[in-house]
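Positions are given from 1 along the sequence. Whatever order the structure lists ligands and atoms in, that order sets their numbers, starting from 1.
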Amino acid sequence: MFRRSIYKTPAQLRSMVEPGLITAAALDAVRPLIRAGVSTIELDTAAERAITARGAESNFQLVKGYHHTICVSVNEQVVHGIPGELVLQPGDIVSVDCGAQFDGWNGDSAITVVVPDDTRPDVVANREELSRVTEGSMWAGIAAMATASHLGEVGAAIQEYIEAQGPSAVSGETYGILREYVGHGIGRKMHEAPSVFNYRTPDPGAEIKPGLVVAIEPMVTAGGEATFIEEDDWTVSTVDGSDGSHWEHSVARHEGGIWVLTAPDGGAAGLAPFGVTPVPLA
Ligand code: MG
Ligand code: MG
């Protein structure tokens, strides 16, 4: 059986720059719309417009059985929420996952935003902290891509970052990391080998070397890590009803270093606290 190498050539890596930037532009279009009174389908429409305006297509719509451009997951929903008539409320924590395919190559990225709510500052603070911990763990994992030899070190870096943040103010225990859902290789398809775990595993995982491109995407909860799939057959929600957050970037390791394909600055701002400077693709 023919198996495509998980390592891309320099030319193939360059082909992934544009779909990454288009994915970033789609999330940039959605971000300012995440406010009270907006329905989640409106977010989907904005993302689709941003992608098609750049001559790309939604790769989420290429997933069998899925008909939308984004996944939008609110409060106890962590990932894979379907856009619809749901109207965002003050204080909601909203994760948006999106991807674009351009000229046969893919990008995949996710953000979390908390809707302001002056009447519930404690709720907002806890949710913003959950998002901060999740985003920080993503950057810790991305930073590990610069120096690690195997993907298992990325998962360990993500878990260590989360554990170092101390207990969740909501549960009093360490933030939960989803176990059944993981990051992945990305290229000609949005989802490719190898898997990128968000926690320590006995298996060292795939070798990290020039040509590896992966989507690093921690999914974190303010409570337990157990989830179930809602009756819509897609939405992944926490069993204990605790809030979830999801952050994701597509990251390339190349001869010169690492470059975050789905960040216009290559990840410079997010990586700075870790002492890593991204290097543009040659
Ligand atoms: Mg994604
Ligand atoms: Mg992904």
Side-chain angles (χ1 to χ4, degrees), residues 6 8 16 19-31 34 40 43-44 46-48 50-51 56-74 77-83 93-102 105-113 131 134-135 137-139 141-142 145 151 154-155 158 177-199 205-206 212-221 227 229 234-237 244-253 260-263 267 270:
I6 63 171
K8 276 105 183 156
M16 296 189 69
L21 291 173
I22 295 169
T23 300
L27 288 172
D28 281 346
V30 170
R31 192 180 288 105
I34 300 175
T40 55
L43 306 181
D44 191 79
E48 181 168 28
I51 289 169
E57 63 183 319
S58 159
N59 50 22
F60 282 31
Q61 292 189 25
L62 302 175
V63 174
K64 194 170 188 295
Y66 201 75
H67 308 295
H68 294 89
T69 298
I70 62 171
C71 289
V72 52
S73 308
V74 180
Q77 303 171 352
V78 191
V79 286
H80 300 172
I82 303 174
I93 180 169
V94 184
S95 297
V96 178
D97 191 352
C98 185
Q101 184 175 94
F102 180 80
W105 295 90
N106 288 275
D108 188 8
S109 183
I111 59 172
T112 296
V113 175
S131 176
T134 309
E135 183 184 10
S137 74
M138 172 192 69
W139 288 114
I142 294 170
M145 281 283 290
L151 278 176
V154 171
I158 291 169
I177 304 173
L178 266 58
R179 304 283 159 163
E180 301 96 328
Y181 304 91
V182 299
H184 49 88
I186 181 168
R188 285 284 188 190
K189 290 174 157 184
M190 178 167 60
H191 295 130
E192 297 182 349
S195 293
V196 184
F197 297 93
N198 296 310
Y199 45 89
L212 185 68
V213 187
V214 290
I216 295 178
E217 52 176 317
M219 292 151 262
V220 179
T221 80
T227 58
I229 296 174
W234 284 99
T235 310
V236 175
S237 296
S245 173
H246 179 211
W247 281 86
E248 177 178 24
H249 270 309
S250 302
V251 186
R253 172 84 173 254
V260 179
L261 296 160
T262 43

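Among the backbone and side-chain atoms of H184, an N, O or S atom lies under 2.8 Å from the Mg ion (ligand 2).
Protein N/O/S atoms nearer than 2.8 Å to the Mg ion (ligand 1) total 4.
Judged by distance alone, with hydrogens and angles left aside, the side-chain atoms of S95 form no donor-acceptor pair with the main-chain N or O of T112 at under 3.5 Å. Between the H68 side chain and the G81 main chain, no donor and acceptor come within less than 3.5 Å of each other. Side chain of S245 to backbone of V220: no donor-acceptor contact under 3.5 angstrom is found.
Residues forming a side chain to side chain contact (heavy atoms under 4.5 Å, CB included) with H67 (at least two apart in sequence, or on another chain): none. In terms of the side-chain hydrogen bond (donor to acceptor under 3.5 Å, both in side chains) criterion, E57 has no residue partners (sequence neighbours excluded). Remark: H249 pairs with W139 by the ring pair (Phe, Tyr, Trp, His ring centres under 6.0 Å) rule, at least two apart or across chains.
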